[in-house]
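One structure is given here, and the rest of the page talks about it.
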Amino acid sequence: MWLFLVFITLVFGVLAGFYAWSVYQKLSESPVDHPRVAELSDIIHKGAMAFLKKEYTWLAPFVGVVAILLVSALGLGAAFAFVLGALCSATAGYIGMYVATQANGRTSYAALAGMPQESETPAKKSTKKAVELDKDSETTEIITAPEPEESQVNSKAAGSALEVAFSGGSIVGMVVVGLGLIGLAIAYLFLNDVTALTAFGMGASSIALFARVGGGIYTKAADVGADLVGKVEAGIPEDDQRNPAVIADNVGDNVGDVAGMGADLFESYVNSILAAMAIGAVYSFTQGGEALGLWGIGYPLFLAAWGVLSSIVGCMMISRKVPFSDVVISFVRKLPGMDGVIQRIDDGDAAFALRTGTFVAGGLMIAGTFILSILFFFANSFNVFLSVTSGVLAGILIGIVTEIYTSGDYKFVRSVAESSNTGTATVILSGLSLGMMSVGIPVLLICLATLISYYLAGMFGVAVSAVGMLSITGISLSVDAYGPIADNAGGIAQMSKLPEGVRKITDHLDAIGNTTAAMGKGLAIGSAALTALALFVAYSQAAHIEKIDVMNPYVIVGMLIGGMLPFVFCSLSIDAVSRAAGSMIEEVRRQFHEIAGIMEGTAQPEYEKCVSISTHAALTQMIVPGVMAILVPVLVGFILGKEALGGLLAGSIVTGVMMALFMANSGGAWDNAKKYIEDGHFNGRGSQNHAAAVVGDTVGDPFKDTAGPALNILIKLMTVVALVLAPLFKI
């Protein structure tokens, strides 16, 4: 039967890959008939890919050293799984960033081309405008669209831009789940051992942590420097080509929010499956009963496979750039009440479209889970089904709560924006307060899902609830990854001097993307808590620990060390951003002061120097946090013993989850409070309110994009390291 499981896993992994390839073929056909847009897109693409190649060059020796140590300690199988997991994680990040940097300029042009033209096509009479291509003032003539009314976003153009941006995001999402399933299938085929297979998750988590931290340092160093000097001190717009840090900033959007995020969700996805497989192999529904064995191993794999199908259908609800999407849409239109839903999506309502696609995928996932539960566990099917459903619903509710706390459509973000009336300090204080309060409901939802699933199906229920939460990663990541593409599109529109209406569209999509990114981070953190708990149980089984005794001083010491680690990790990450941003600020100020003609647009900034600062900072500063996550649990396990290591894992889960939620939501609220002011509220752009909000946003940048999202990887990486090395801890 295990070969059948390998076959099914491989088939659905290939299906996800085929979907991604099909969308990419369609995306490649989208035109970029604007020389400056094409030029900038190419610059960003080359910069992003160059950084990723350097990062992977730095990480290759690390992977090699760990693989050699695993061979000597645990054998060739564990080393093979580790290397395969690292390669799949790195490949997912590489492909995702390659596609995203191909989609950004196409999104800008789609917004321009979708707007109503003031005249006819280029072959006929047209309105033309000279656009500066470089510092020598070469010009070309292009068609420009009339400006929309101040408060309006052209729905047709917004729909066209959403189509392209989401297509790029959906490729990222499907590549991640496809490579996850293909990698698991290959590892399982060669090893046929669930215990050795956990090293695959260790490899994925290792690369993900370095990618998240390194990418976060890169992007936020550039972002903070560009904002504080450009927007606050110089008073020029965001993404203005006169800002020397603007190219580094746009490259960073892809390095951190696409490659880093893709590797992040890749490891979350595979580790949730691996944890459920490890527990399912030995779990029994009755005391002393027969273990589930292959049925427990196969169930999470089939859940993930069904999640691929559900995600594909959800993506088809949003984008028409895939085969058979018209067939699906035609069928859906015939369902009661769905014609209006499809029409609203076609009219360019981006937020509604993204939400609808996600809910459709979630609904299909729940329906498929019911059928799979009956097929696998007839007598206990309802209990297992409700366990998975509790995870799916908890994930959706955490996303909704996150949206309420981080979207400008609700009072919380607006109150942060309003606090700008009294200065920068109150903006920061209100954002910190909001982030702390936002931890409450998500944690209670995680607790509720844990208790429900445990009551119904023991720790196997908790494990599969985490799989349920991440089962539709294909569309969740698609929705998440579309945001950085829209952000890049806005920067390209600004630097290409496209009509203001184009920037309105990209800003509108970007604001929605900030909210979806915050929702994605909430989902990742929630699933991290459940997955880490399941991995913790798997570690206890592997280390033969029946219980963690909190009266044991070694356990207490372990818990204190584990609780401390997320704080030290965040300190290292934020300090790295602070120092790199300081260097960036000094460089931007130097260029403004020393290069005559930058502000007049007659001289070209030295973009490459700012790119070099971000690159150097990211590569050098990512090492210590990444190595710490692997080395500390190993040292504690060997020096203090396996019970102390159990305490360390418990302590890190508690503080790590709280810190991650707090930082992600504070950062998201500060970002959208700034955008709310930029939309014309509280005196708008260029005001003292705006300056205060920009500072708040720069504080939030490393919160939400460097330290915060890396914490969920930290707690899982430490747990999976403990699980892989459990046989070596003798004390």
Side-chain angles (χ1 to χ4, degrees), residues 271-293 295-300 302-304 307 362 365-401 439-471 522-523 525-541 545-550 646 649-650 653-654 657-658 661 715-716 719:
N271 275 318
S272 69
I273 298 171
L274 286 168
M277 291 172 67
I279 293 175
V282 298
Y283 182 75
S284 173
F285 286 109
T286 58
Q287 186 71 28
E290 185 178 355
L292 292 176
W295 293 101
I297 293 171
Y299 184 69
F302 271 73
L303 282 181
M365 189 64 217
I366 291 173
T369 298
F370 182 72
I371 298 171
L372 288 173
S373 300
I374 293 174
L375 293 175
F376 274 78
F377 316 108
F378 183 77
N380 299 280
S381 59
F382 199 61
N383 285 3
V384 177
F385 164 69
L386 290 179
S387 296
V388 178
T389 303
S390 70
V392 175
L393 293 178
I396 292 173
L397 290 173
I398 289 172
I400 292 172
V401 171
V439 170
I441 295 177
V443 168
L444 292 176
L445 288 170
I446 293 169
C447 294
L448 187 62
T450 301
L451 291 176
I452 290 174
S453 55
Y454 181 78
Y455 176 78
L456 292 169
M459 284 311 304
F460 181 64
V462 175
V464 293
S465 70
V467 177
M469 198 179 277
L470 286 167
S471 57
L523 176 66
I525 295 164
S527 65
L530 294 176
T531 302
L533 181 58
L535 288 168
F536 177 75
V537 171
Y539 162 72
S540 300
Q541 293 172 346
I545 301 174
E546 294 186 4
K547 61 181 179 179
I548 301 293
D549 183 5
V550 295
L649 300 178
I653 291 170
V654 172
V657 169
M658 308 300 171
L661 286 166
I715 61 177
K716 282 177 292 182
T719 312

- Task: Would you please name every residue forming a side-chain hydrogen bond (donor to acceptor under 3.5 Å, both in side chains) with Ser373, sequence neighbours left out?
- Result: Tyr299
- Can you list the residues that meet the ring pair (Phe, Tyr, Trp, His ring centres under 6.0 Å) rule with Phe285, with sequence neighbours excluded? Tyr283, Phe377
- Task: With sequence neighbours excluded, give me every side chain to side chain donor-acceptor pair (under 3.5 Å) pair touching residues 376-399.
- Result: none
- Task: Can you measure from CD1 (Ile366) to CZ (Phe385) and round to the nearest 0.5 angstrom?
- Result: 6.5 Å
- Sole residue of Leu375, Thr369, Ile374 in side chain to side chain contact (heavy atoms under 4.5 Å, CB included) with Ile371: Leu375
- side chain to side chain contact (heavy atoms under 4.5 Å, CB included) assessment of Ser272 paired with Val467: CA-CA 5 Å; Ser272 69; Val467 177; 4.2 Å; yes
- Nearest heavy-atom approach of Phe370 to Phe382 is CE1-CD1, 4.3 Å
- Set of side-chain hydrogen bond (donor to acceptor under 3.5 Å, both in side chains) partners for Tyr539, sequence neighbours left out: none
- Message: With rounding to the nearest 0.5 angstrom, report the OG to CG distance, Ser465 to Leu393.
- Response: 11.0 Å
- Determine whether Ile548 and Phe536 make a side-chain contact, defined as any pair of heavy atoms from C-beta on separated by less than 4.5 Å. yes
- Item | Minimum heavy-atom distance between Leu535 and Ala275, given as atom pair plus value | CD2-CB, 3.7 Å
- Query: Nearest heavy-atom pair of Ser471 and Gly468: which atoms, and what distance?
  - Reply: OG-O, 2.7 Å
- What residues, two or more places apart in sequence or in another chain, satisfy side chain to side chain contact (heavy atoms under 4.5 Å, CB included) together with Ala532? Ile653, Ile715, Lys716, Thr719
- Message: Go through it in stages, so that I can follow the logic: the residues are Met469 and Val392, the test is side chain to side chain contact (heavy atoms under 4.5 Å, CB included), and I'd like the CA-CA distance, side-chain angles, deciding distance and then a yes or no.
- Response: CA-CA 4 Å; Met469 198 179 277; Val392 175; over 6 Å; no
- Note on the structure: Correct closest heavy-atom pair for Ala304 and Ile273 would be CB-CD1, 3.6 Å
- Message: For Phe376, is the CZ atom crowded, meaning more than 12 foreign heavy atoms sit under 6.0 Å from it?
- Response: yes
- Message: Nearest 0.5 Å, please: how far is CD1 in Ile297 from CD1 in Ile279?
- Response: 12.5 Å
Counting only pairs under 3.5 Å, give me each side-chain donor-acceptor contact of residues 443-464, with atom names and distances, residues two or more places apart or in other chains.
unit_1, atom_1, unit_2, atom_2, d
Thr450, OG1, Ile446, O, 2.7
Ser453, OG, Ala449, O, 2.6
Ser453, OG, Thr450, O, 3.1

